[in-house]
Q: 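My questions will all concern the structure given below.
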Amino acid sequence: MARYNPKETEPKWRKAWADTDAFRAVMDPSKPKYYVLEMFPYPSGRLHMGHVRNYALGDVIARFKRARGFSVLHPMGWDAFGLPAENAAMERGVDPKGWTYDNIARMRAELKELGLSIDWSREFATCDVAYYGQQQALFLDLFARGLVYRREGMVNWDPVDMTVLANEQVVDGRGWRSGAVVEKRKLNQWFMRITNYADQLTDDLATLDRWPEKVRVMQENWIGRSKGLTFSFEFAGEPPRGFDKGLEVYTTRPDTLFGASFVAIAADHPLAERVAAADVAAQAFIAECKKGGASQAEIDTAEKLGFDTGIRVKHPFDPSWELPIWIANFVLMDYGAGALFGCPAHDQRDLDFAHKYKLPVTPVVLPPGEDPETFAIGDEPYLGPGTIYHSRFLDGLDIEAAKTAAIARMEELGQGQGATVFRLRDWGVARQRAWGCPIPVVHCDKDGVVPLPRSALPVALPDDLEFGKPGNALARHPTWKHTICPRCGGPATREVDTLDTFVDSSWYFARFANPDAAEPIDKQAADYWLPVDQYIGGIEHAVLHLLYARFVTKALADDGQLGVREPFAGLFTQGMVTHETYRRQSGEWLEPKDVEVIVEGKARRARLVENGAEVVIGDVEKMSKSKRNTVAPEEIFDVYGVDAARLFVLSDSPPERDAQWSNAGVQGAWRFVNRVWEEFDSQPDGAGSPTGGGGEAAVAVRRATHKLTRQVTEAIDTFRFNSGIARLYEFLNLLKANPAAGASGPLLAARHEALSAFARLIAPFTPHLAEECWARVGGGGMVAMADWPAFDIALTEDAVRVLPVQVNGKRRGEISAPAGASAADVEKIVLDDPEIARRLEGLTIRKVIVVPDRIVNIVAA
RNA sequence: GCCGCGAUAGCUCAGUGGUAGAGCGCAUCCUUGGUAAGGCUGAGGUCCAGGGUUCGAAUCCCUGUCGUGGCACCA
């Protein structure tokens, strides 16, 4: 009896897969296609457990779909541009390109060790000239369509990474990578017109029925579509210069127009600036507003402050009614019109403001059941439903009807119109960094900004960048930027900004359809493979990458380069890998491998392996270098094998939840691997003889096999991998209870069938072990190529059902009935049962409820 | 403030109207020529709390508590 030895077995099968080119994706029109993709990794140089989980999840799907007869595309690439390479260059004097490709080589080797069923022939890195040169072509196409533009604007400046960031990359006022407080700067910037697609990006979320609800909600919130009314106030008296058309405001509550008591404008509104030009006090107030911090804590605690400009406007529905214009610190210039009308009775901010400056509070929505004579607003505005009152022609309407009526009247008056406003801003895509895709334009003194012709592509990065000091090494390069203008032939300088790395990841999935194509996207191949049927990655990209990729897909579809309008038909967001944290008494973090955990009854304590010193067990947290609670995948592979590691990360929790890594857990998985092998190894060669005695056990094993096949199939289909694995564990226990030793012919035959199915069922999870097992039971070829086992649905259901019998909802006994027995038949069996009859003595039966094959309840009194 | 998610055995989690479950861990015992072990048996649950609907609620509804994610002076 040979012990299972992953160190020999696993490399052997990986070589067999590679030698036979087993996972090459083929466009086969006779088969349905399936494109499974995990978010491609940044080549940091080290594989971590999060990667193991991410790629193991995708591999389960890829192997399963292949066995189910799909033509599968499962590629891998590298999101290889970005700051870490530049930081390494600055800190260690290495070349970012060399550093990156070295990391890729190391991580590729580690990933290959995972035994993933990937078509490695399609591999590319975004820093390959062959890739970013094509991306430059796409940039020019989008530029030609007017979807890329350059303008001066306020941008987010990260002072540590020394680059501009997109709005999506600023979290709580800080840079998403550096954590530095972001400054506002006015710069000439490249933008992509994502706002052109704001409506589609919102509407099409409804078609993404295989996306998590949570992600769709997050994108919807981020885009922030709101429907309302834009209208202009006429000034009472002479309009200020430049405001002949009145003062424009935006509102989502036109139904509350008769509750207006003031108009407020942002401190940087043009009207505020005009007022300040002639008023020192206004100037001081505006300066005060601009000092306010942008962090959340400051915003939350900031008092509502205002400055009365003295200017008055007329109410749009009653020219005799005048409202004051205030400059207010809570009004944002870049949302809506940068101005609003305040209705204190039905808005918290407006109410706070009105209380502070003694402005009128007039309720115009009457809550149901309230008396219009006595209803009043205290410290809380009324935001609920009700009937409009105090509102002349809107009186008596509900809120929605009043909104419609107010918009209609405003449009009649020619003073405004229904409008849709978005929170989403255009995507700033230029970065002042050298390790990125150069923007293929030049600046010419005569012709201004000139896009390069396609024939001038690729614009390759120079190989001799100097990273000794901070800032953009590309701008510093002595010769690279000097070129000639393609239009006039005169001297010109290249754009030294590069593209946001999120541009790189916004179309890579389409490049995988044919990574060698002469054009950016091979339309025919993309039409076959796209959309990605199952995309898998972390939730942290819910609004960043996933929104940009959706936008670029739509833009390229409109340009005729893609045939789909959504890149990812199915999205799965997996949880993180976590681990307990450990610290010395002194507070210093400790690595798990230096700590020994001791279980004493229900209590656990820990000590240092080295000297037995007491260790404090902390919270379970995401594996991170800073907390030192990481476990290196290669060390686990070395001890337990790749399959055990894969099995454990897949079995521990549902894939969308966090998975807690523990040594005990991986040991459990490792034991399972060994027990599986023993079971196969103990089975004699051959298929067994179906004749002879001992039929009962054989039938039980057969039924269990078919039931298991059904359960595992359904579990994988619904992403409940952990529960599929739990069923495999249970089934192995059943096989052990019906061992090969001393088994009858029929049982051996049933066991053979069971093992043959079992080898294929574990293949998505533990592919190396599955190959070894498949070979042991004489399966033909490799299990990686084998068909998924079929199940006989009749065998998955028991012929005789045991039904519990309740009396008045309390369990009082059970009966046996044939599966599918009618309610009348079951009722007869129940009433004939002496035990049940005893329970019913002295009671009158009111009703008998029979749920076929499930349960019986007798209502009696 | 707005929109979500979660709470079931010591741990990680299934179960979503119908008999409370799995894996790991734990305990007892057996084996010690599968030995960085293997096996038998077992203990362990107020299904977060309260109310409602129902013949019947862990499951559906309401309220609350705790934990957690996203958005947010967004008009």
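Each chain gets a letter, A, B and so on, in the order the sequences are listed, and its residues count up from 1.
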Q: With a 4.0 Å heavy-atom cut-off, tell me which residues in residues 342-355 of chain A come close to RNA chain B, sorted by residue number.
A: A/Arg349

Q: In whole angstrom, give me the gap between the C1' atoms of B/U46 and B/U8.
A: 12 Å

Q: Can you list every stem that RNA chain B is part of, counting only runs of 3 or more consecutive Watson-Crick or G-U wobble pairs with both distances under 3.5 Å?
A: B:1-7 with B:65-71, B:10-13 with B:21-24, B:48-52 with B:60-64

Q: Hey, does A/Met410 have a side-chain heavy atom less than 4.5 Å from the side chain of A/Phe317?
A: yes

Q: To the nearest Å, give me how far apart CZ (A/Phe672) and P (B/G39) are.
A: 12 Å

Q: Taking side-chain contact (heavy atoms from CB on, under 4.5 Å) as the definition, give me every residue that meets it alongside A/Val421, ordered by chain and number, with sequence neighbours left out.
A: A/Ser226, A/Tyr250, A/Tyr335

Q: Answer yes when A/Arg710 and A/Glu714 have at least one side-chain N-carboxylate O distance shorter than 4.0 Å, and no when they do not.
A: yes

Q: Under 4.0 Å between a side-chain nitrogen and a carboxylate oxygen: does that hold for A/Arg225 and A/Glu220?
A: no

Q: Find which nucleotide of RNA chain B each of A/Val331 and A/Lys214 is nearest to by heavy atoms, and output the residue with the more 5' nucleotide.
A: A/Lys214

Q: Identify whether any heavy atom of A/Val543 sits under 4.0 Å from a base atom; if not, whether one sits that close to sugar-phosphate; answer base, sugar-phosphate or nothing.
A: nothing

Q: Have a look at A/Tyr250 and say if it touches a base, only the backbone sugar-phosphate, or nothing, with a 4.0 Å heavy-atom cut-off.
A: base

Q: Is the base of B/G52 syn or anti, if syn means a glycosidic angle within 90° of 0?
A: anti

Q: Figure out the CZ/C1' separation between A/Arg423 and B/A75, and round it to whole Å.
A: 14 Å

Q: For the CD atom on A/Glu540, are there more than 12 heavy atoms of other groups (residues, nucleotides or ligands in this structure) within a distance under 6.0 Å?
A: yes

